[in-house]
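Some notes on the structure that comes next.
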Amino acid sequence: MAFTQILNDKQNEAVYMTEGPLLILAGAGSGKTRVITNRIAYMIDDGINPYNILAITFTNKAASEMRQRVDDMVGFGSKSIWVSTFHSMCVRILRREIEALDYDSRFTIYDTDDQKTVIKNVVKRMNLDPKFYPEKQILSIISNAKERFVGPEDYKKEAGTSIRDQKIAAIYEAYQEQLKKSNALDFDDLLFKTVELFQFNPDILDRYQERFKYIMVDEYQDTNHIQFLLISQLARKYRNLCVVGDDDQSIYKFRGANIYNILNFEEEYPDAKVIKLEQNYRSTKNILAAANGVIAHNRGRKVKALWADSEEGQKIAFHQYENDHIEAEQTVWQIRKLFQDGYSYRDVAILYRTNAQSRLFEEKLLMANIPYKIVGGLNFYSRKEIKDMISYLKVIDNGSDDLCTRRIINVPKRGIGATSVEKAADFAYGNQMTLMEAFYNVEHIPGISRAAAKIKKFTELIDDFKQEAESGESISTLYQNILEETGYLEELELEGTDEAEARIENLEELKNKIVQYEESAEEPTLSGLLEEIALVADIDTVDDEEDRVLLMTLHSAKGLEFPVVYMAGMEEGIFPSAMAMYSDHPDDDIEEERRLCYVGITRAKKRLFMSAAMQRMTRGNIQANAISRFVKEIPPELMDTAGNAVRRDTVRNTVERPQVKPVFAKPVSRGSKVFSNGGTAYMGSKGAEIKKADHLEYSVGDMVKHIKFGKGEVVDITDKGKDYEVTVDFETHGRRKLFASFAKLKKV
DNA sequence: ATAGCGACGCTTTTT
DNA sequence: GCGTCGCTAT
């Protein structure tokens, strides 16, 4: 085959086996993406209509990359292949078919925040005490049920008989009713409704079975039950199902991923062929050996032996620092050194267990003027101002969304208070109409008099926007008009605070995204834009061309690779998390954490750095954590702890120390008490040394310039021994203390 | 109706 | 340590 890249025997076998069920067990870095793309290319070359191929990936980013690669190889037809995530695929199907389930095809998609609000409203309406029915818990119960394809009626039957259990079942039922009324689907519904659709409409299912004669699913180890059902439905007729995964990389049990989907594939499909890809093309021998050393501590794995032909590479560096600040500072310092040695910033990723850990790294990177990008954490689209504007767009697009109506009715302030809104909501509820419909009938709502005129004005405003949208005005113009005509922008501008300024910047960023969408979409529509916004993950927007350090959780790093990887916070109670250590099934949960560690290690191609802090501030308390067991599971001969006061023998001897249950759940004191997480604290190392400048080109009283903070006056310079600490009064960013060697201040 | 303040809960991980 | 929520005072 002209287009075929050079593949090893196993990879070739996987490429050519296009008929029947096939399980590819692909170890980390074993060239999985290469196999999938080559397989698709081969199928097309072999005469299979690209129209009949469905490939499901984990992220939208992976989907577009795959499409691009197939396109590069085949040159035609890749457009008619369906490459998408589970969720986008379901939306696409439901937009065409959901009327069979008596929904409107213009449904909106609710995110987690929206779900919580609905639950809160439902609980309130049912006169239940929110304290006994916390939305987060209810949400996870509902989500869990939906992932098992258990609807409200079935849940009622399977739930316990206690009052609480029955109430929860009732909340689920009311929640689902509310969503239906708002013509909305939550993330889980996208899958649930698709499976339901196929189950009750064999003719529709048949159409899709005929379409998707060849199905491929990537990251199969992270599929949950309902995804399994969906795939089973589609593949039942032709049985050309190829799943690719690695049981050692299953890290999403918390959202219902069922590792048995992959472990039991051969039982489900007895005629399945199994191909193992065990040669790693990504990492050095040392890194791979470290990964193998860690994962070997798990039981119940498929037998696999990853090996590499690569160079030995450098040892894995481990540092334990005095505290979390020093950890971040030294990591940043090391990255600077790597940069001086010729690495690019984009070669480097800092990985951590929880999003909260990103803050210090961000702070220190900013001080050091190193470009960075944080993936995940507080989502751009969950910021208040962004949600407000999107709510306007949603209400204009589809007025049945009560949540959004509620959100914007008095934003910016129009003098329509909570009491008036509640009266309208009661009226809407009693008359089986949407909140927006109630507003249109405001003269019939009992108890509203003074606010009626204001509500009338609001509905007229929305009508104007609707007309604009229908008149073929571009979405970005509509957006700009909303910002101006509602007075939203003006209100922020008048505030004049830094915070308001940041919000305005975000609103401008949203406009950029809208313009971007209008330029890239074949047929840009308001609904299309809103849909894209709902399903885009943060990782999807990462631009590989940008030269910056990437910061993200270990979960987000799945499927990616970097020349240099830092794994920070390698501490008991952080990683493995305290949640896992003290859960009801600690063995299972620790194994999942260990797989997460395996994922992290195998992201690294050339260099792997690990670090821990002796003391760390968590939720306002200072904790002292022992070094993570995962560090100790790496064979010592692979580790470089030079310059580190931690001795290997000390490290290894602490494995069996009795654990003290930490007081993390309900701290006795809110002060700065030190809680021990078991194990011993060690003398930390100072790590790399900061190069102190011989002299500074500025002195107290001088005006200096900082790349991020702008101009400011030097008010103090202190010799801190290893470096100068410079205090600067910035014109726009206030007084800040900076380290001279990091901040690179320029005299002006 | 709204601004301002204190209490509280939170941190696992995400489509 | 930080953001959200609810209560109170205006």
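Chain naming here is simple, since letters A, B, ... match the order of the sequence lines and numbering starts at 1 in each.
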Starting at atom [atom1] of [X], determine the distance to atom [atom2] of [N], rounded to an integer number of angstrom.
X	N	atom1	atom2	answer
A/Leu494	B/dA3	CG	P	13 Å
A/Glu219	B/dT13	CD	P	20 Å
A/Leu360	C/dC2	CG	C1'	14 Å
A/Met617	C/dC2	CE	C1'	12 Å
A/Gln249	B/dT13	CD	C1'	16 Å
A/Phe132	B/dG9	CZ	C1'	17 Å
A/Arg450	B/dT2	CZ	P	11 Å
A/His555	B/dT13	NE2	C1'	4 Å

State, with a plain yes or no, whether a side-chain heavy atom of [X] is found less than 4.5 Å away from one of [Y].
X	Y	result
A/Thr108	A/Leu530	no
A/Met610	A/Ile601	yes
A/Glu531	A/Ser527	no

Check every atom of [options] against the side chain of [X] and return the nucleotide holding the closest atom.
X	options	result
A/Ser420	B/dT14, B/dT15, B/dA1	B/dA1
A/Ala356	B/dA3, B/dT11, B/dT15	B/dT11
A/Lys413	B/dT14, B/dA3, B/dC10	B/dA3
A/Asn355	C/dG1, B/dT14, B/dA1	B/dT14
A/Arg619	B/dA1, C/dG1, B/dT14	C/dG1

With heavy atoms under 4.0 Å as the rule, sort A/Lys120 into base, sugar-phosphate or nothing.
-> sugar-phosphate
Mind checking A/Tyr252 for me? I need base, sugar-phosphate or nothing, with any heavy atom below 4.0 Å counting as a touch.
-> sugar-phosphate
With a cut-off of less than 4.0 Å, is there a side-chain N or O of [X] near OP1 or OP2 of [N]?
X	N	value
A/Asn410	B/dT2	yes
A/Lys558	B/dT13	no
A/Ser556	B/dT14	yes
A/Lys136	B/dT11	yes
A/Asn60	B/dT15	no
A/Thr112	B/dT14	no
A/Thr618	C/dG1	no

Heavy-atom neighbours of A/Tyr260 OH exceed 12 at 6.0 Å | no
Determine, for A/Lys253 against A/Asp589, whether the closest basic-nitrogen to carboxylate-oxygen distance falls under 4.0 angstrom.
-> yes
Does the side chain of A/Asn144 pick up a donor-acceptor pair with the side chain of A/Arg148 at under 3.5 Å?
-> yes
In whole angstrom, give me the gap between the C1' atoms of C/dT4 and B/dT13.
-> 22 Å
How far apart are the closest heavy atoms of A/Cys90 and A/Leu230, and which atoms are they?
-> SG-CD2, 3.7 Å
The residue, A/Ala580 or A/Ala537, whose nearest nucleotide of DNA chain B is more 5′ is A/Ala580
Closest-nucleotide 5' rank along DNA chain B - winner of A/Asp188 and A/Arg414 = A/Arg414
Any chance the rings of A/His297 and A/Phe630 have centres within less than 6.0 Å?
-> no
Do A/Tyr175 and A/Tyr110 have ring centroids that are under 6.0 Å from one another?
-> no
Give the dot-bracket string for DNA chain B, reading 5' to 3', where a pair is Watson-Crick or G-U wobble with both distances under 3.5 Å, ( ) marks pairs inside the strand, [ ] marks pairs crossing earlier ones, | marks a partner on another strand, and . marks unpaired.
-> ||||||||||.....
